[in-house]
Amino acid sequence: MSRIHVTTTVNGDAVEFLADPRDSLLDCLRDQLNLTGSKEGCGTGDCGACSVTVDGTLVCSCLVLGVEAEGKRIETVEGMAKGNDLHPLQRKFIEHAALQCGFCTPGILVAAKALLAENPDPSESEIRFWLAGNLCRCTGYDKIIHAVQDAAAEMRGA
Amino acid sequence: MAKDETQGFRLIGTRPDRPDGLDKVTGRARYGADISAPGMLHAAVVRSPHAHARIVKIDASKALALPGVKAVITRADLPTGLTGEDWNLQENTLAGEKALYDGHAVAAVAATTKLIAQDAAKLVEVTYEVLPHVTDVDAAMAAGAPVIRAGTADHSVPEGMHPNVVKYIDFGHGDVEAGFAAADLVRAQSYKTEATHQGYIEPHACMAQMGSDDRGEMWVCTQGHWYIRRMSAAVLGVDASKLRVTPSEIGGGFGGKTTIFMEPLALALSKKAGGRPVKLVMSRSEVLRATGPTASASMDVKLGMKKDGTLTAAKVMFRMQGGPYIGSSPVGEALSCALACYDVPNVMHEGYEVLANRPKAAAYRAPGSPMAAFAVESLLDEMCRELGLDPLKVRLKNAAREGTKSSYGPTYNRIGLVESLEATMAHKNLLAPLGPNQGRGVASGFWFNHGGETSVSLAIGEDGTVTVSVGTPDIGGSRASIALMTGECLGIPYEKVRVNVVETGALGVNEPTHGSRATFASGLAAVEAARQAMAEMCRRAAAEWDIDPEAVEWRDGAAHPAGPNAGKFPPMSIAEIGAKMGGSGGPISGHHEVTAGGFGASFGVHVVDVEVDPETGRTTVLRYLVVQDAGRAIHPAYVEGQYQGGAAQGIGWALNEEYVYGADGRLQNTVFLDYRIPVASDLPMIDTVIVEVPNPGHPYGVRGVGETGITPPLPALANAIHAATGARLRSLPMSPPKVLAAIKAKAGG
């Protein structure tokens with residue numbers, strides 16, 4: 001099957017790649033663009049480890065085709081920090097020990113950032129339901145929730 | 001070098017940022033599937049759709065004809081003549097005469113792209129003769145059950161048992177019949193638990209290369225790369241030293257990444273494809289169908305109790321299946337854990353291991369202990385209720401303590417069950433009021449902990465900073481804890497120690513990160529290595545000062561004259577010693593290797609409050625408390641993380657997770673949507689109390705904290721659901737339909 005030329009923007013950089021029509025956006029990010037921060041935990045949209053935003057909308061990149069990225073604006077975990085300045089969520093995840101193996105962390109960070117963009121002061125319950133699509137098997141979620149709450153407070157200037 | 005190492009710590013007990021944190025929050029950390037190499041091929045595996053089938057013929061000609069396909073391997077490409085567990089591993093890696101479970105690998109393909117490899121796998125034509133199958137442990141033991149592999153049973157199995165019963169274990173002490181006769185209340189019940197999967201979010205992944213000279217390299221997500229090396233070498237019939245295995249960052253393991261599943265396939269494909277590197281990454285459904293879940297269990301328990309709650313006798317009989325090979329089920333561990341929390345004078349344990357058409361079981365966090373606890377702690381709760389006794393007080397009354405002869409044989413040294421029970425009884429969660437349809441459950445749990453083969457090296461840098469090389473992959477923060485212990489020992493800042501997990505060529509053999517041993521055993525070895533380096537640094541200072549090395553002591557990161565008689569010299573810091581070491585005798589390092597004994601047993605107590613919806617049977621966890629003895633919490637945040645993570649896995653096992661097999665013997669729930677692990681909205685905050693009763697077998701008192709936490713949730717939730725509804729669930733998971741049926745049965749009865 002011939003591959004399709006895709007031009008898109010990832011973390012602010014213009015990029016292009018050739019995608020098999022069957023390749024997911026996740027495959028393209030990881031295998032074509034070497035952005036391996038987004039992880040494949042399931043390939044069926046159940047675990048959220050591949051979470052990215054497409055034109056600001058949170059998606060599982062394993063459920064988006066690579067060719068659908070044409071002309072879009074993709075943001076991944078690799079774009080969260082500005083140079084060496086970590087996003088508050090990234091800093092708070094380290095501070096609160098909100099990661100153990102760290103495999104789900106990129107997806108959870110991207111998802112949490114999307115939450116705070118929409119709701120700067122989420123309740124514990126709102127965080128839990130927003131992140132219900134991001135599986136973590138190590139932490140029991142406790143410290144993740146605390147880290148998101150703390151990052152939200154800092155970002156609000158509270 | 002005298003230093004009080006029991007208190008007054010500078011670093012131990014603090015919560016610094018973990019050294020791998022930055023890489024993990026930025027996406028830079030490299031896991032199993034995150035590496036590629038020039039000329040790399042991609043692999044895919046052909047798997048049996050049948051639970052039990054004779055492999056009549058494998059025709060790969062169409063696959064090989066597909067452009068881009070470089071190699072196909074079947075069992076015929078692997079050496080013959082293996083025996084014992086090596087044969088089991090080879091057979092599980094690639095089926096021989098028969099496919100033994102749904103998902104069993106029968107062939108593997110390497111091609112220039114992932115998609116071509118997947119297409120080629122579909123073109124491999126396998127002709128099967130489907131055979132009758134059995135997946136349930138009790139059914140597999142029954143007369144007439146399909147025989148999975150005749151002649152597997154060892155000599156322990158009594159005459160007349162079904163050939164699927166392959167091992168029998170019994171042990172105990174005292175006189176159980178006399179013990180039951182002396183009891184005021186004797187009760188016996190039967191319990192069942194379904195298999196669950198470790199559920200690590202990272203699927204198995206490796207990249208491997210092997211030439212025609214059998215020299216190979218592998219990058220792999222694993223808990224133990226020496227195990228990967230030894231097992232892969234055995235399966236392929238090559239020397240272990242020809243393989244060099246480097247561990248990636250690991251996206252969770254929980255015991256499931258202590259063995260091989262597909263790693264030799266990548267090596268064999270590489271060799272067959274002219275030595276090109278091969279990447280092999282499992283899909284989630286391959287992980288669930290074909291990598292080790294835990295065993296399923298069928299258990300009978302009988303307990304005798306006095307009116308005051310004193311246990312007089314206990315008898316357990318466990319039957320466990322761990323897939324189609326002998327030695328994979330944790331029945332021995334389950335028996336040993338069953339009564340380990342209690343000081344019971346008369347105990348008897350019996351167990352059977354049974355073969356079934358399911359994947360080869362692997363270790364899963366405290367293997368065997370959760371099932372055993374579900375049975376024993378549930379019955380104990382029932383009897384406490386029947387006698388009107390407080391279940392925590394009864395546990396305290398019977399608690400094992402220092403000097404108790406354990407149910408499984410050894411006499412305990414210093415342990416912290418009593419302290420954990422007392423801390424539980426003092427916790428505020430026990431005072432929280434409960435409303436309608438709400439109930440509270442408690443349970444205790446146990447894990448042995450483990451020491452094991454360990455080799456660690458430590459080197460002083462030219463600037464006095466320290467590099468520690470360990471062989472235990474870091475899953476839950478062990479690089480941080482080992483840096484804390486090393487820094488504590490040497491009297492230098494945490495930030496001046498870098499801990500690396502190194503490849504198989506860099507150290508002696510290390511067991512995996514399993515058994516809650518990494519912080520205990522690699523930490524112990526790192527401290528011993530640091531002491532060696534410290535002694536050498538004292539000798540260097542002594543030589544420069546021209547005094548006796550005995551007259552030099554090490555403190556605050558520097559060599560000092562031990563007293564006024566030693567002479568008046570300014571302290572010589574580790575940085576000064578490092579800067580001059582080339583001229584003062586050469587590089588300074590420390591090395592320690594040991595099969596670590598001295599590991600300290602782990603006990604924990606959990607309290608859970610639930611609300612059960614009487615109309616749907618759905619259980620909501622309202623409040624959760626974990627109290628566990630850590631010995632010493634080196635990095636308390638990651639100790640809490642282990643407690644919380646263990647509890648969450650136990651909650652999933654108790655309430656929802658299970659392997660569901662259809663009548664055709666195929667696994668029905670092969671994706672996370674259907675094999676549903678707890679999500680953030682399923683759980684409350686998980687409160688933790690770290691009890692510290694130092695383990696005398698470790699320089700800083702560490703016990704190991706990883707495993708016990710998964711054990712108490714199973715019975716604690718059963719006990720809480722009973723308290724909320726009056727219905728007693730004796731079969732896991734306690735999913736809404738089962739709870740609802742139990743509530744209705746109780747109302748009807």
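All values below were derived from every heavy atom in this structure, side-chain atoms included, with hydrogens, water molecules and symmetry-related copies excluded. Residue numbering restarts at 1 for every chain, and letters A, B, ... go by the order of the sequence lines. In this text the structure is predicted, and so the values were computed from the model without any measurement.
- Taking OH of B:Tyr638 as the start and SG of A:Cys138 as the end, the distance is 11.0 Å to the nearest 0.5 Å.
- Residue A:Cys101 holds its SG atom at 7.5 Å from CD1 of B:Ile201, rounded to the nearest 0.5 Å.
- If you measure heavy-atom distances from A:Leu89 to chain B, you find no contacts under 4.5 Å at all.
- The local environment of CD in A:Glu118 is sparse, with at most 12 non-hydrogen atoms from other residues, nucleotides or ligands closer than 6.0 Å.
- Taking the charged nitrogens against the carboxylate oxygens, A:Asp31 and B:Lys114 do have a contact shorter than 4.0 Å, which makes a salt bridge.
- Interface remark: A:Thr44 contributes side-chain atoms only to the contact with chain B (heavy atom separation under 4.5 Å).
- Rounding to the nearest 0.5 Å gives a distance of 6.0 Å between CD1 of B:Ile686 and CG of A:Asp142.
- Put simply, of A:His146, A:His96, A:Glu95, the one with the most heavy-atom pairs under 4.5 Å next to chain B is A:His146.
- Scanning both residues, A:Gly140 and B:Ala648, for their nearest heavy atoms gives CA-CB, 3.6 Å.
- Counting heavy-atom pairs closer than 4.5 Å to chain B, the top residue among A:Thr76, A:Asp23, A:Val77 is A:Val77.
- Proximity to chain B (any heavy atom under 4.5 Å) is shown, for A:Ile94, by both the backbone and the side chain.
- Under a 4.0 Å N-O distance rule, the pair B:Glu640/A:Lys143 qualifies as a salt bridge.
- Only the side chain of A:Glu124 comes within contact range of chain B, judged by heavy atoms closer than 4.5 Å.
- In terms of heavy-atom pairs under 4.5 Å with chain B, the best-connected choice from A:Asn34, A:Leu99, A:Leu35 is A:Leu99.
- The structure places OG of B:Ser681 at 12.5 Å from CD1 of A:Ile127, a figure rounded to the nearest 0.5 Å.
- Between atom NZ of residue B:Lys24 and atom CD of residue A:Gln100 there is a gap of 9.5 Å, rounded to the nearest 0.5 Å.
- Salt bridge annotation for A:Lys39-B:Asp34: present, with a cationic side-chain nitrogen under 4.0 angstrom from a carboxylate oxygen.
- No side-chain heavy atom of B:Val281 sits under 4.5 Å from any side-chain heavy atom of A:Glu40.
- A:Arg91 has no carboxylate O lying under 4.0 Å from a charged side-chain N of B:Asp17, or vice versa, which leaves the two without a salt bridge.
- Separation of atoms CD1 (B:Ile677) and CZ (A:Arg137) is listed at 4.5 Å; rounding is to 0.5 Å.
- Interface residue A:Tyr141: only side-chain heavy atoms are found under 4.5 Å from chain B.
- The candidate with the highest count of non-hydrogen atom pairs below 4.5 Å against chain A, out of B:Thr113, B:Val287, B:Leu22, is B:Leu22.
- B:Tyr31 approaches A:Phe103 most closely through the heavy-atom pair OH-N, 3.5 Å.
- Contacts of A:Asp27 with chain B are made by side-chain atoms alone, with heavy-atom separations under 4.5 Å and no backbone atom involved.
- With a 4.5 Å cut-off on side-chain heavy atoms, A:Leu86 and B:Thr26 count as touching.
- Scanning both residues, A:Cys42 and B:Phe672, for their nearest heavy atoms gives CB-CD1, 4.0 Å.
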